[in-house]
K.L.:
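I have a structure here, written as structure tokens, and I will follow up with some questions on it.
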Protein chains: 2
Amino acid sequence: MNTPMITVPQTQRPVRERILEAAEAVFAESGYEGATVTDIAARAGLPKSNLHYYFGTKEALYEAVLFNTLSMWDDAFQVLRAERDPAEALAECIRLKMDLSRKRPNANKVMTGEMLQGAPRLNTFLNTTLRDQVAQSMAVLNHWIELGKMDAVSPMHVLLSIWAMTQQYADYNPPIKALLEKEELEERDYDAATDAIVQLVLRGCGVPQATA
Amino acid sequence: MNTPMITVPQTQRPVRERILEAAEAVFAESGYEGATVTDIAARAGLPKSNLHYYFGTKEALYEAVLFNTLSMWDDAFQVLRAERDPAEALAECIRLKMDLSRKRPNANKVMTGEMLQGAPRLNTFLNTTLRDQVAQSMAVLNHWIELGKMDAVSPMHVLLSIWAMTQQYADYNPPIKALLEKEELEERDYDAATDAIVQLVLRGCGVPQATA
DNA sequence: TCCATACTTGATCAATTGGTCAGGTTCCCG
DNA sequence: CGGGAACCTGACCAATTGATCAAGTATGGA
């Protein structure tokens with residue numbers, strides 16, 4: 001009758017989701033070749049055969065994780081629209097991308113691992129979808145530059161810089177934690193980093209900051 | 001992928017070096033667990049047993065690669081000295097770090113892979129040597145800020161940003177190549193990126209640029 | 001010349017890998 | 001009920017893994 005809809009026990013979560021989540025974590029830590037189906041199964045609390053039932057092969061599971069993640073990156077840069085105020089839009093873009101590093105570090109790590117390997121599974125994506133999306137964002141920056149709202153910076157390098165600085169907080173967590181002398185980063189650490197990056201980018205691009 | 005240069009006297013180079021170089025490449029591509037001693041041996045043109053003779057275990061070989069690389073990062077940031085002109089020093093720091101990404105991408109990738117794993121083998125280094133070195137660089141930036149040569153930015157975030165933006169050119173080569181629509185990045189691409197990063201950092205920190 | 005030391009290597013091993021398969025169980029719909 | 005489809009799983013397999021070891025070869029000093 002009245003099902004307790006409070007925090008769902010792991011056992012009841014859809015099996016596919018549990019597998020994908022476990023795979024994301026294990027692939028993030030060990031890379032594609034280092035991760036073992038046995039490890040993923042153990043983390044998901046399922047027998048190994050079950051993973052093969054749902055995803056067939058280890059490679060298919062890996063690609064599911066990979067492409068499941070791809071869209072997230074794009075969302076952050078979609079907020080760069082020509083009609084917006086550059087300062088606001090850039091700040092939101094940076095904040096969204098940083099949120100991703102904080103809330104989905106494993107997804108980001110998997111992507112970085114794939115890049116280290118030369119991104120053999122992402123070649124078509126990089127040369128089609130990504131290129132188009134970045135071209136769109138670059139056009140927006142160029143528009144702002146023409147309107148005099150921004151210095152004549154190189155749009156691509158600005159976008160890459162935002163990408164790199166935010167991505168670092170997922171991939172390079174160990175040294176950052178060491179420098180902050182903390183066991184785990186807290187929300188305020190990410191907020192401070194976001195503010196610093198926003199300031200660096202806005203000033204670096206000659207974008208007048210919104211008055212506090 | 002790439003055919004080894006046939007005519008080169010690979011045979012004459014010291015065996016240890018050949019092994020380390022091959023290990024760096026294989027570990028960079030496949031990560032620690034994904035790399036196999038057989039692969040490394042094949043790349044070095046030596047029987048597998050020979051690697052074990054020189055380095056004992058796969059782990060020891062990996063750590064040799066790792067610690068062989070650690071010092072390189074530090075060198076770039078050592079040029080940040082209080083008595084220097086901020087613009088010049090920061091530009092040189094960025095250029096040196098970028099040179100590393102261009103000339104030793106494999107070394108950089110191995111380090112990134114280790115970071116993705118949580119840097120289990122670098123914990124003491126991160127909490128001792130690295131922390132001291134970064135503290136030193138931060139002190140220099142603070143000195144510049146006190147002298148009014150720089151805006152009141154957060155020194156640590158500036159250093160991390162330089163780290164991230166330059167590191168990206170080693171780790172994230174695939175998407176960058178895709179965006180530039182090139183098979184391989186050329187020196188001028190790295191130069192353009194260096195200039196863009198220097199400009200972003202100097203302006204972002206309010207450091208007056210030396211007139212060209 | 002002799003021999004100890006350093007170096008090289010093919011054969012081999014126990015452990016682990018991704019993947020298969022047959023035989024379950026559960027569920028739904030008629 | 002019945003039976004088919006979806007789901008689940010333990011036992012098993014061929015291939016590969018890091019590592020060992022004995023049997024070499026090369027070298028250089030006495």
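Chain naming here is simple, since letters A, B, ... match the order of the sequence lines and numbering starts at 1 in each. Keep in mind that this is a model prediction, so the values were computed, not measured.
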K.L.:
Taking the minimum atom-to-atom distance to the side chain of A/Val15, which one of C/dG18, C/dT8, D/dC8 wins?
P.N.:
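So the nucleotide nearest the side chain must be D/dC8.
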
K.L.:
Rounded to the nearest Å, what distance is computed from the CD1 atom of residue B/Ile40 to the C1' atom of nucleotide D/dA19?
P.N.:
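Rounded to the whole Å, the gap is 14 Å.
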
K.L.:
Between atom CG in B/Asn50 and atom P in C/dC7, what is the gap in whole Å?
P.N.:
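Taking atom P of C/dC7 as the reference, CG of B/Asn50 is at 10 Å.
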
K.L.:
Any chance you could lay out the salt bridge (Lys or Arg N to Asp or Glu O under 4.0 Å) test for A/Arg102 and A/Asp99, step after step, and finish with the verdict?
P.N.:
CA-CA 5 Å; A/Arg102 176 162 58 99; A/Asp99 279 351; 3.4 Å; yes

K.L.:
Please report the distance, rounded to the nearest Å, between CZ in A/Phe55 and C1' in C/dG19.
P.N.:
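From A/Phe55 CZ to C/dG19 C1': 16 Å.
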
K.L.:
Out of A/Val198, A/Val79, A/Leu80, which residue meets the side chain to side chain contact (heavy atoms under 4.5 Å, CB included) rule with A/Leu90?
P.N.:
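Going through the options one by one, the only one that passes is A/Leu80.
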
K.L.:
Quick one: which of D/dC7, C/dG19, C/dT17 gets closest to the side chain of A/Tyr54?
P.N.:
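Nucleotide nearest to A/Tyr54's side chain: D/dC7.
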
K.L.:
Return the CD to CD distance between B/Glu29 and A/Glu33, rounded to the nearest 0.5 Å.
P.N.:
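Nearest 0.5 Å value for the CD-CD distance: 8.5 Å.
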
K.L.:
Can you see whether A/Phe27 has A/Lys58 sitting over its ring - NZ or CZ less than 6.0 Å from the centre and within 45° of the normal?
P.N.:
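The answer is no; the distance or angle limit is not met.
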
K.L.:
If I take atom OH in residue A/Tyr32 and atom C1' in nucleotide C/dG18, what distance separates them, rounded to the nearest angstrom?
P.N.:
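My rounded result for the distance is 9 Å.
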
K.L.:
Rounding to a whole Å, what distance do you find between B/Phe27:CZ and D/dG18:P?
P.N.:
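Whole-Å distance recorded here is 9 Å.
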
K.L.:
Would you mind classifying the nucleic acid contact of B/Ala35 as base, sugar-phosphate or nothing, using non-hydrogen atoms under 4.0 angstrom?
P.N.:
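Sugar-phosphate, no base atom in range.
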
K.L.:
Would you mind telling me which residue lines up with the more 5' stretch of DNA chain D, A/Lys48 or A/Tyr53, judged by nearest nucleotide?
P.N.:
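Here A/Tyr53 is the residue nearer the 5' end.
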
K.L.:
Answer with yes or no whether A/Ser49 presents, from its side chain, a donor or acceptor under 3.5 Å of a partner atom in the base of C/dG19.
P.N.:
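No.
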
K.L.:
Using the side-chain heavy atoms of B/Lys58, tell me which of these nucleotides is nearest: C/dT9, C/dG19, D/dG18.
P.N.:
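So the side chain of B/Lys58 is nearest to D/dG18.
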
K.L.:
Kindly assign one of parallel, tilted or perpendicular to the pair A/Tyr62 and A/Tyr32, based on the angle between their ring planes and the thresholds 30° and 60°.
P.N.:
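Geometry flag for A/Tyr32 against A/Tyr62: tilted rings.
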
K.L.:
Using atom CG of B/Asp39 as one end and atom C1' of D/dG18 as the other, report the distance to the nearest whole Å.
P.N.:
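After rounding, the gap between these two atoms is 13 Å.
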
K.L.:
Rounded off to whole Å, could you give me the OH-to-C1' distance for the B/Tyr62 and D/dG18 pair?
P.N.:
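Between C1' of D/dG18 and OH of B/Tyr62: 17 Å.
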
K.L.:
Could you please name the option among C/dT9, C/dG19, D/dG10 that lies closest to any side-chain atom of B/Leu46?
P.N.:
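The answer is C/dT9.
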
K.L.:
What is the distance, rounded to the nearest whole Å, between atom CG of A/Leu51 and atom C1' of D/dG10?
P.N.:
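It is 14 Å, rounded to the nearest whole Å.
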
